[in-house]
Protein chains: 2
Amino acid sequence: MPPLNRPRIVAAAIDLIEREGADAVSMRRIAADLGVGVMSLYNHVPNKSALLDGVSESILSEIEFTDDPAAPWTERVRMQARAFRQIAHSHPRSTMVVVSRQLKSAAGMLPVERALSTLRGAGFGEQEAVQIFRVFIAYVIGSLLREVGVTPTFAPVHGTIRAGDVDPELFPEIGALAPHLSTCDHEAEFDFGLDLLIAAIAGRLAGRTG
Amino acid sequence: MPPLNRPRIVAAAIDLIEREGADAVSMRRIAADLGVGVMSLYNHVPNKSALLDGVSESILSEIEFTDDPAAPWTERVRMQARAFRQIAHSHPRSTMVVVSRQLKSAAGMLPVERALSTLRGAGFGEQEAVQIFRVFIAYVIGSLLREVGVTPTFAPVHGTIRAGDVDPELFPEIGALAPHLSTCDHEAEFDFGLDLLIAAIAGRLAGRTG
DNA sequence: CTGTCGAGACGTACAGCGTACGTACGGGAG
DNA sequence: CTCCCGTACGTACGCTGTACGTCTCGACAG
C-alpha cells in the first residue's frame with residue numbers, strides 16, 4: 001500500500017466524482033475508497049474545500065495549449081476555447097467543480113494569461129481585451145454547464161421535451177421546434193457560437209484598423 | 001399566525017437564501033424562520049428538491065416581458081436578455097438555484113417560447129433559431145454566474161488580484177491588466193457581449209437576405 | 001350533542017455529513 | 001537505548017434530509 005498523500009487523495013476524489021457524481025463526494029467515502037480512516041485524509045488536506053480546489057487544479061493543469069504563435073489570433077482564440085472545453089469534457093461530472101472554484105494558483109491563472117496575451121497581441125486595448133476575455137469565458141462556461149447537465153434550464157436536453165408534452169396553444173414555438181430542442185450536437189453548437197463570437201470581435205478590430 | 005402553505009414556505013426559502021446564501025438553506029432553518037416544526041413543511045412540499053424548484057419557479061415568474069412587437073427583433077432580443085438578467089440580479093444569491101433547475105412548468109418555458117418566437121419571427125430557420133437561442137442562453141447564464149460570484153473562475157472579481165500578487169515574469173499580462181481585471185462594470189460588460197452577439201447574428205441574417 | 005374522520009402540526013429517530021480532539025504507533029535523531 | 005514527531009485512526013458533536021407514528025382540531029353524520 002503506497003503512502004497516503006495529497007495527489008492520491010485528489011485522484012480518488014476525481015475518480016469518485018466521475019463515477020458517481022459530485023454529490024457522492026464525502027470525506028468518508030473517499031477514505032473508504034482509499035481503504036483508509038476518514039481522519040487520515042486531514043493529514044494531507046486541510047478540509048474538504050481545499051480538496052475540491054485540488055480537484056479543480058489537477059484537472060486544469062491537464063490543459064495542453066498547443067498554441068502556434070504563427071497562427072492568426074482568431075485561430076489561437078478558437079484553439080484555446082476548444083482546449084478548455086475538451087478538458088472539461090474529459091471529466092464531465094467534475095466540470096461544475098472546476099468552474100465554480102476560483103484558483104489563485106498557477107494552474108488557474110495560466111489559461112487567463114494565455115488568453116489575455118493572445119488578445120493583446122491581436123491589437124485589442126487593455127480594457128477591451130479584458131472585456132472580450134470575459135465575454136468568451138461567460139460563453140464557454142455557460143456552454144459547458146449546459147453540456148454536462150448542470151444548467152439545463154431553458155435548454156431542454158434529449159428526451160426532456162417531446163412534441164406531445166407541451167400545450168401547442170400556450171407554447172407553439174416550443175412545440176414546433178421540439179425535434180430541434182430535444183437533440184443537440186454539442187460540439188457543433190459550441191463551435192457555432194464560438195465562430196459567431198470570434199467573427200464579431202474580428203469585425204470590431206477590422207472596423208478600426210482599416 | 002396565517003396558515004402554513006406552499007407559497008409562504010417558498011417565500012421564506014427565498015428570503016433565507018438572499019439573507020444568508022443558498023448553503024444556509026435547510027428544512028430545519030426554514031421551519032425555524034417560520035416558527036413551525038420541521039416536519040410540518042412536508043405537508044406542503046414533498047421534499048427539499050421540490051422546494052428549490054418552487055424557488056426557481058417563483059423567481060422566474062417575476063420576469064416581466066415588456067415585449068414591443070413593433071420593435072426590431074434585435075431590440076426585442078436585447079430586452080429579453082436584459083429582463084432575465086435583471087430578475088436574476090434582484091435575487092442575486094438565488095441565481096444559481098434558478099439556473100440549475102430544469103423546470104417543465106409554464107414559468108420555466110415561457111421565456112423559452114418568447115425567445116424562440118422572436119428569433120423565428122426575425123427570419124431564422126428552425127434549427128438556426130434553436131442554435132442561436134442556445135448561444136444566448138450560454139452567454140447569459142455564464143455572465144450571471146460570474147456576476148453573482150458562483151463561477152469567478154478565470155474572471156477575478158474586485159480585490160482578488162492586485163498587481164503585487166502575481167509574478168510579473170510568469171504572468172506579465174495578468175500583472176499589466178490587473179487594474180482592469182480587478183474591476184468590472186457588470187451591466188456595461190453584459191451589454192458589451194450582448195451587443196457583440198446580436199450584431200453577429202444580425203450580420204448572419206443580413207448576409208443571407210441581401 | 002356525540003361520535004367519527006381526515007388533515008395538518010409535531011416529536012422522535014436514523015443514517016449520513018464535516019471535522020475537532022485525543023490516542024496510538026512507527027521510524028529517524030541524539 | 002530513549003525521545004520525538006508525523007501519520008493513522010476512533011470517537012464524538014452538531015448538523016443534514018426525511019421516514020414514521022402520534023396528537024390535536026375542525027367538519028360533518030346521526
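Order of the sequence lines sets the chain letters (A, B, ...), proteins ahead of strands, with each chain counted from 1.
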Between [N] ([atom2]) and [X] ([atom1]): distance, integer Å:
{"X": "B/Asp23", "N": "D/dT16", "atom1": "CG", "atom2": "C1'", "value": "13 Å"}
{"X": "B/Ile9", "N": "C/dG8", "atom1": "CD1", "atom2": "P", "value": "11 Å"}
{"X": "B/Met39", "N": "C/dC14", "atom1": "CE", "atom2": "P", "value": "15 Å"}
{"X": "A/Leu41", "N": "C/dC21", "atom1": "CG", "atom2": "C1'", "value": "17 Å"}
{"X": "A/Arg8", "N": "D/dT7", "atom1": "CZ", "atom2": "C1'", "value": "14 Å"}
{"X": "A/Ile30", "N": "C/dG16", "atom1": "CD1", "atom2": "P", "value": "17 Å"}
{"X": "B/Glu20", "N": "D/dC15", "atom1": "CD", "atom2": "P", "value": "13 Å"}
{"X": "B/Asn43", "N": "D/dC23", "atom1": "CG", "atom2": "C1'", "value": "13 Å"}

Distance-minimising heavy-atom pair for B/Val25 and B/Leu16
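Closest approach of B/Val25 to B/Leu16: CA-CD2, 3.9 Å.
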If every non-hydrogen atom of A/Leu116 is compared with every non-hydrogen atom of A/Ala129, which pair is closest and at what distance?
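Closest pair (atom of A/Leu116, atom of A/Ala129, distance): CD2-O, 4.2 Å.
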Does the C/dG16 base have a donor-acceptor partner in the side chain of A/Arg28 within less than 3.5 Å?
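Counting by modelled atom types and ignoring angles, no donor-acceptor contact under 3.5 Å is found here.
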Between B/His44 and C/dA7, is there a contact of a side-chain N or O with OP1 or OP2 at under 4.0 Å?
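Answer is no, no contact under 4.0 Å.
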Looking at A/Ser26, I'd like to know whether one of its side-chain N or O atoms comes within less than 4.0 Å of OP1 or OP2 on C/dC17.
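Yes, A/Ser26 has a side-chain N/O under 4.0 Å of OP1/OP2 on C/dC17.
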Have a look at B/Val36 and say if it touches a base, only the backbone sugar-phosphate, or nothing, with a 4.0 Å heavy-atom cut-off.
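Sugar-phosphate contact only - B/Val36 comes under 4.0 Å of backbone atoms but never of a base.
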Within the structure shown, what part of the strands sits under 4.0 Å from B/Val45 by heavy-atom distance: base, sugar-phosphate, or nothing?
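Since no nucleic acid heavy atom lies under 4.0 Å of B/Val45, the category is nothing.
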Options C/dG18, C/dA9, D/dT18, nucleotide nearest the side-chain atoms of B/Tyr42:
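Shortest atom-to-atom distance from the side chain points to D/dT18.
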Please pick, from D/dG17, D/dA8, D/dC9, the nucleotide with the shortest atom-to-atom distance to any side-chain atom of A/Leu4.
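The nucleotide sitting nearest to the side chain is D/dA8.
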Fit a plane to each ring of B/Trp73 and B/Phe124, take the angle between them on a 0 to 90° scale, and name the class: parallel (under 30°), tilted (30 to 60°) or perpendicular (over 60°).
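Rings of B/Trp73 and B/Phe124: perpendicular, as their planes differ by over 60°.
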Any side-chain heavy atom of A/Glu20 sitting closer than 4.5 Å to one from A/Arg29?
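SC-SC contact between A/Glu20 and A/Arg29 confirmed.
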For B/Gly54, does its backbone N or O pair with a side-chain atom of B/Ser58 as donor and acceptor, under 3.5 Å?
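Not confirmed, B/Ser58 side chain does not pair with B/Gly54 backbone.
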